[in-house]
Undergrad: 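What follows is a structure written as structure tokens; I'll ask about it next.
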Amino acid sequence: MNILVVNAGSSSLKYQLIDTETENVLAVGLCDSVGSPDSSFHKYEIGDQETKDQVPLPDHQAAIDEVLKTLVEGDNAPLESLDQIDAVGHRIVQGGAYFSESTLIDEDVIEKVEIVKELAPLHNGPGILGIRACQNAMPGKPMVGVFDTAFHQTMPAKAYMYAIPYELYEKYSIRKYGFHGTSHRYVSQRAAEFLGKPIEDLKIVTCHLGNGASVAGVKGGKCIDTSMGLTPLDGLVMGTRCGAIDPAVVTFVAQHEGISADEVLNILNKKSGILGVSGISNDMRAIESAMEEGNERAKLAYEMFANSVKKYIGEYWAEMGGMDVLVFTAGVGENSASMRAMVMEGFEDLGIKIDPEQNSKRGFDNEISTPDSTVK
Ligand code: ADP
């Protein structure tokens with residue numbers, strides 16, 4: 001079966017065409033600067049050939065049309081016709097409380113995604129545009145919505161409720177939803193498989209540490225708590241997001257800087273975190289280089305990131321009444337041996353030990369704990 005996977009962002013559209021039998025990726029690409037026709041381009045790989053075309057992409061429909069054309073036209077196109085695409089999978093960021101699993105898309109589903117759009121306007125809007133564009137280009141093609149929030153729908157109310165007046169929850173559905181669910185689900189299942197143990201028997205903490213970052217507690221295969229909230233701003237210190245802070249900071253900064261709450265939120269989303277504290281970059285590699293050169297603020301940002309991860313690990317460990325497995329994934333989690341080591345500093349006293357040699361490796365699934373470690 002050939003599946004086209006579409007991830008529509010506000011100004012981008014990423015995709016892969018996957019043959020599910022062989023698990024081969026037949027095409028992978030990115031349409032960028034969608035909506036800015038003068039600067040938009042389509043970059044893609046088919047086989048070992050990489051191409052970058054400057055093409056005007058005024059909207060998501062144009063991006064989808066361009067992608068589909070690439071898949072069937074030209075000498076090394078992977079398909080002869082769009083009929084060879086069996087289904088389309090759409091990444092949708094916010095599914096609200098409606099979706100606890102991936103769902104076949106129909107008008108009712110689109111309506112619900114539209115209803116929860118208010119909770120994630122920057123994300124769900126493009127998601128709907130991506131769905132509509134595919135419907136227009138391939139009428140009747142089965143399409144599935146895959147939600148970032150779905151895996152976290154098993155959280156109990158005591159974990160997802162905010163201690164604000166209950167009426168605000170009833171009126172506006174203000175609660176924790178959590179994000180990165182597809183990643184937390186995948187790595188928790190993969191870790192159980194890797195260790196050859198049934199996931200039902202495991203208490204797992206998954207650390208998705210990328211530019212955006214979150215931690216989840218997964219007990220018996222079900223998410224019991226996670227660090228992102230109503231929006232992805234909560235939880236860990238991230239590349240440009242502040243993570244958990246006292247909400248009073250918002251009004252304090254608004255009043256003292258003479259700016260609106262929206263402008264403060266923009267600062268907290270885009271100019272804070274590792275970038276804001278270091279004043280250098282949100283890229284962890286740049287921070288590691290600056291630290292090597294003795295930059296104190298880079299070191300502070302790095303330590304704050306590690307410490308925030310450590311705090312959430314401890315939180316979910318306590319909530320689950322133990323931890324059998326700790327998983328690191330995403331750009332920083334997979335690649336930075338020194339960040340993993342810093343997060344785990346002090347854990348030896350709790351019986352958790354990493355093997356420095358195994359920890360220094362990357363690029364494949366690997367057990368980085370010592371054989372006598374109490375947590376894998
Ligand atoms: P997102 O999907 O949220 O944009 P990624 O999961 O792609 O983020 O992770 C991006 C982060 O991973 C960046 O901060 C980048 O610096 C970091 N990263 C990638 N490779 C390395 C590496 N070798 N060492 C340290 N950090 C790395």
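Here, residue 1 is the first one in the sequence, and each next residue gets the next number. All ligand and atom numbering here is 1-based and tracks the order in the structure.
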Undergrad: Give the ring-plane orientation class for Trp317 versus Phe347, where under 30° counts as parallel, over 60° as perpendicular and anything between as tilted.
TA: perpendicular
Undergrad: Which of the numbered atoms in ligand 1 are below 4.0 angstrom from a heavy atom of Asn282?
TA: 14 (O)
Undergrad: Determine whether any heavy atom of Arg362 lies closer than 4.0 Å to an atom of ligand 1.
TA: yes
Undergrad: With sequence neighbours left out, what residues match Arg285 under salt bridge (charged side-chain N to carboxylate O under 4.0 Å, His left out)?
TA: Asp283
Undergrad: Starting from atom 21 (C) of ligand 1, which protein heavy atom do you reach first, and at what distance in Å?
TA: Asn335 CB, 3.5 Å
Undergrad: Quick one: look at Ile274 and ligand 1, take heavy-atom pairs under 4.0 Å, and tell me if it's side chain, backbone, both or neither.
TA: neither
Undergrad: What is the closest protein heavy atom to atom 13 (C) of ligand 1, and at what distance does it sit?
TA: Met284 N, 4.1 Å
Undergrad: In this structure, which one of Lys353, Lys376, Lys361 forms a salt bridge (charged side-chain N to carboxylate O under 4.0 Å, His left out) with Glu367?
TA: Lys376
Undergrad: What distance do Ile131 atom CD1 and His90 atom NE2 have between them, rounded to the nearest 0.5 Å?
TA: 5.5 Å
Undergrad: Quick check: do Asn359 and Pro356 have side-chain heavy atoms less than 4.5 Å from each other?
TA: no
Undergrad: What protein heavy atom sits nearest atom 3 (O) of ligand 1, and how far away is it?
TA: Gly212 N, 3.0 Å
Undergrad: Determine whether the side chain, the backbone, both or neither of Met339 has a heavy atom under 4.0 Å from any heavy atom of ligand 1.
TA: neither
Undergrad: With side-chain contact (heavy atoms from CB on, under 4.5 Å) as the criterion, how do Ile259 and Ile267 come out once you've worked through the C-alpha distance, each side chain's angles and the decisive distance to 0.1 Å?
TA: CA-CA 11 Å; Ile259 56 179; Ile267 293 174; 3.8 Å; yes
Undergrad: Going by the order shown, which atoms of ligand 1 are within less than 4.0 Å of some heavy atom of Ser336?
TA: 25 (C)
Undergrad: So if I count the atoms of ligand 1 from 1 in the order they appear, which ones are less than 4.0 Å from some heavy atom of Gly210?
TA: 5 (P), 6 (O), 8 (O), 9 (O)
Undergrad: May I ask you to identify the nearest protein heavy atom to atom 10 (C) of ligand 1, giving residue, atom name and distance to one decimal place in Å?
TA: Asn211 N, 3.8 Å
Undergrad: Starting from atom 6 (O) of ligand 1, what is the nearest protein heavy atom, named by residue and atom, and what distance separates them?
TA: Gly331 N, 2.9 Å
Undergrad: Among all protein non-hydrogen atoms, which one is nearest to atom 24 (N) of ligand 1, and what is the separation to 0.1 Å?
TA: Arg285 CG, 3.7 Å
Undergrad: What's the shortest distance from atom 11 (C) of ligand 1 to any protein heavy atom, and which residue and atom give it?
TA: Val332 CG2, 3.8 Å
Undergrad: So, the side chain of Thr240 versus the backbone of Asn269: is there a donor-acceptor pair under 3.5 Å, distance only?
TA: yes
Undergrad: Do Tyr177 and Phe147 have side chains that get closer than 4.5 Å, going by heavy atoms?
TA: no
Undergrad: If you have a sec, work out which protein heavy atom is nearest atom 16 (O) of ligand 1 and how many Å separate them, to one decimal?
TA: Asp283 OD1, 2.4 Å
Undergrad: Evaluate the ring planes of Tyr312 and Tyr316, with Trp represented by its six-membered ring, and classify them as parallel (under 30°), tilted (30 to 60°) or perpendicular (over 60°).
TA: tilted
Undergrad: Using the salt bridge (charged side-chain N to carboxylate O under 4.0 Å, His left out) rule, take Lys43 and Asp32 through it: C-alpha gap first, then chi angles, then the decisive distance, then the call.
TA: CA-CA 8 Å; Lys43 195 169 153 196; Asp32 215 350; over 6 Å; no
Undergrad: Any atoms of ligand 1 less than 4.0 Å from a non-hydrogen atom of Ala330? List them with their elements.
TA: 6 (O)
